[in-house]
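Before I ask anything, here is the structure I am working with.
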Amino acid sequence: MMKNCVLAAMLLAAPAMASAQTLDDLKSDGNVTIAIGNEPPFTAIDSSGKVSGAAPDVARAVFEKLGVAALDAQVIEYGAMIPSLQAKRVDAIAAGLFMKPERCAAVDYSQPVLCDAEALLLPSGNPKGFKSYADFAKDPEARLGAPGGGTEEKLALEAGVPRDRVVVVPDAQSGLKMLQDGRIDAYSLPVLSLNDLLTKSADASLEVFAPVEGAPVYCDGVAFRKGNTELRDAFDVELAKMKESGEFAKIIEPYGFSAQAAMSTDRDKLCAQQ
Ligand code: 6CS
């Protein structure tokens, strides 16, 4: 017989389950829970729990129009976001999770929201001349930091960088510290994320190299559970109205993102892009 205190502790430790399935569920809950990576300007959460960033701000605006007043977030590693969505820990992913064929097969994405190229944070002057992920493969000593399950990690591995020289970095601050401590030779994230990180670090010994040669420009969308097309389609209707009215641009462009970039492409094209 399990002691009651142990059982109680296990129940308390159980992650909050976002059980909502449909738009009606979310409306009756009055809340939507999203996955984020806490990687400004895509997503951010402060010590009080306030959620911001271009992706959550767009999602919040759309859900408000759908009658879902509140939005909260769970910080999840990129590689664990889709499993968390499938396990109903979150209702959606609004995190800059870029559309790629394998992800498009696993979730139902909205139409595009945020687009960005890939970049490298590295020592000023780029002394080792890194311009592409293939450059890290060619240099037997080079170590590249990248988010676990992220696009940069996959691109580096596909370019031939051995697994033991692609270092999984849990978050932007850790990546900065690992670079400053010499544990990695460069840290790869999208351009706007590294520009934000470098500006806040005020570290004149580092610079951003962008775009990474040979890497595509990616766009994200809000990701919903596969088969949840009723909710995804309702989201898309309001997103399209916001793009048309200019409200979409007003939300994302102060963060540095281009509304035109997202409006000049679509889910089908992005999900077909390798
Ligand atoms: O979609 C991804 O995997 C990438 N997206 C962002 C916003 N940052 C890094 C991550 O690898």
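Excluded from the calculations below are hydrogen atoms, water molecules and symmetry mates; all remaining heavy atoms, backbone and side chain alike, are included.
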Strictly by modelled atom types, are Ser174 and Asp171 linked by a side-chain donor-acceptor pair under 3.5 Å?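 Yes, a side-chain donor-acceptor pair sits under 3.5 Å.
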
Does a salt bridge link Arg163 with Glu153, judged by any charged N lying under 4.0 Å from a carboxylate O?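 Yes, Arg163 and Glu153 are salt-bridged.
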
Other residues, nucleotides and ligands only: do more than 12 of their heavy atoms fall within 6.0 Å of NZ on Lys177?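 Atom NZ in Lys177 is not packed in, count stays at 12 or less.
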
Answer yes if the side chains of Gln74 and Ser84 hold a donor-acceptor pair under 3.5 Å, and no otherwise.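 Note: Gln74 and Ser84 side chains miss the donor-acceptor criterion.
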
Are Asp203 and Ser205 linked by a side-chain donor-acceptor pair shorter than 3.5 Å?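 Present: a donor and an acceptor within the cut-off.
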
Side-chain heavy atoms nearer than 4.5 Å, only ILVMFWY residues, links allowed to pass through others: does that put Tyr78 and Val107 together?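 Yes.
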
Examine Leu66 and Leu71 and state if one hydrophobic cluster contains both, with Ile, Leu, Val, Met, Phe, Trp and Tyr joined whenever side-chain heavy atoms are less than 4.5 Å apart.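 Per the 4.5 Å side-chain linkage, Leu66 and Leu71 are co-clustered.
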
Side chains of Val169 and Pro147, heavy atoms from C-beta outward: is any pair under 4.5 Å?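 No, side chains not in contact.
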
With the 4.5 Å side-chain cut-off for hydrophobic clustering, are Val212 and Leu189 part of the same group?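 No, no single cluster joins them.
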
Flag the pair Phe224 / Tyr109 as yes when their ring centroid distance falls below 6.0 Å, and as no otherwise.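 No, too far apart.
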
Pair Glu158 + Lys154: basic N to acidic O under 4.0 Å: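 Yes, Glu158 and Lys154 are salt-bridged.
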
Phe42 with Val32, same ILVMFWY side-chain cluster at under 4.5 Å: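 Same hydrophobic cluster.
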
For a quick check under 3.5 Å, do Tyr133 and Ser188 share a side-chain donor-acceptor pair by atom type?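 On atom types as modelled, these side chains qualify, holding a pair under 3.5 Å.
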
Donor-acceptor pair between Glu152 and Tyr187 side chains, under 3.5 angstrom: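 Absent: no donor and acceptor within the cut-off.
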
If we ignore angles and hydrogens, is there a donor and acceptor under 3.5 Å between the side chains of Asn126 and Glu207?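 Result is no, nothing qualifies.
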
Run the numbers on Thr22 and Leu231 for side chain to side chain contact (heavy atoms under 4.5 Å, CB included), then give the verdict. CA-CA 6 Å; Thr22 65; Leu231 179 56; over 6 Å; no

Carboxylate-amine/guanidinium contact Glu238 Lys241, below 4.0 Å: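 Yes.
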
Could you go step by step and tell me if Asp135 and Lys131 meet the salt bridge (charged side-chain N to carboxylate O under 4.0 Å, His left out) rule? CA-CA 7 Å; Asp135 289 340; Lys131 295 181 178 179; over 6 Å; no

Side chains of Asp57 and Tyr255: is there a donor and an acceptor less than 3.5 Å apart?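 There is such a pair between these side chains.
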
Should Asp108 and Arg225 count as an ion pair when the cut-off is N to O under 4.0 Å?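 Arg225 and Asp108: not salt-bridged.
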
Passing candidate, salt bridge (charged side-chain N to carboxylate O under 4.0 Å, His left out) with Asp236, options Lys243, Lys65, Arg267: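 Among Lys243, Lys65, Arg267, the one meeting salt bridge (charged side-chain N to carboxylate O under 4.0 Å, His left out) with Asp236 is Arg267.
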
Can a donor-acceptor pair be found between the side chains of Asp196 and Thr199 at a distance below 3.5 Å?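 There is no such pair (donor and acceptor under 3.5 Å, judged by atom type) between the side chains of Asp196 and Thr199.
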
Would you find more than 12 non-hydrogen atoms of other residues, nucleotides or ligands less than 6.0 Å from Glu244 atom CD?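 No, because the 6.0 Å sphere around CD of Glu244 holds 12 heavy atoms or fewer from other groups.
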
Is it true that Leu144 and Phe98 fall in one hydrophobic cluster, defined by side-chain heavy atoms closer than 4.5 Å?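 Linked within one cluster.
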
What do you reckon, are the aromatic ring centroids of Phe209 and Phe130 less than 6.0 Å apart?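 They do not qualify: ring centres at least 6.0 Å apart.
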
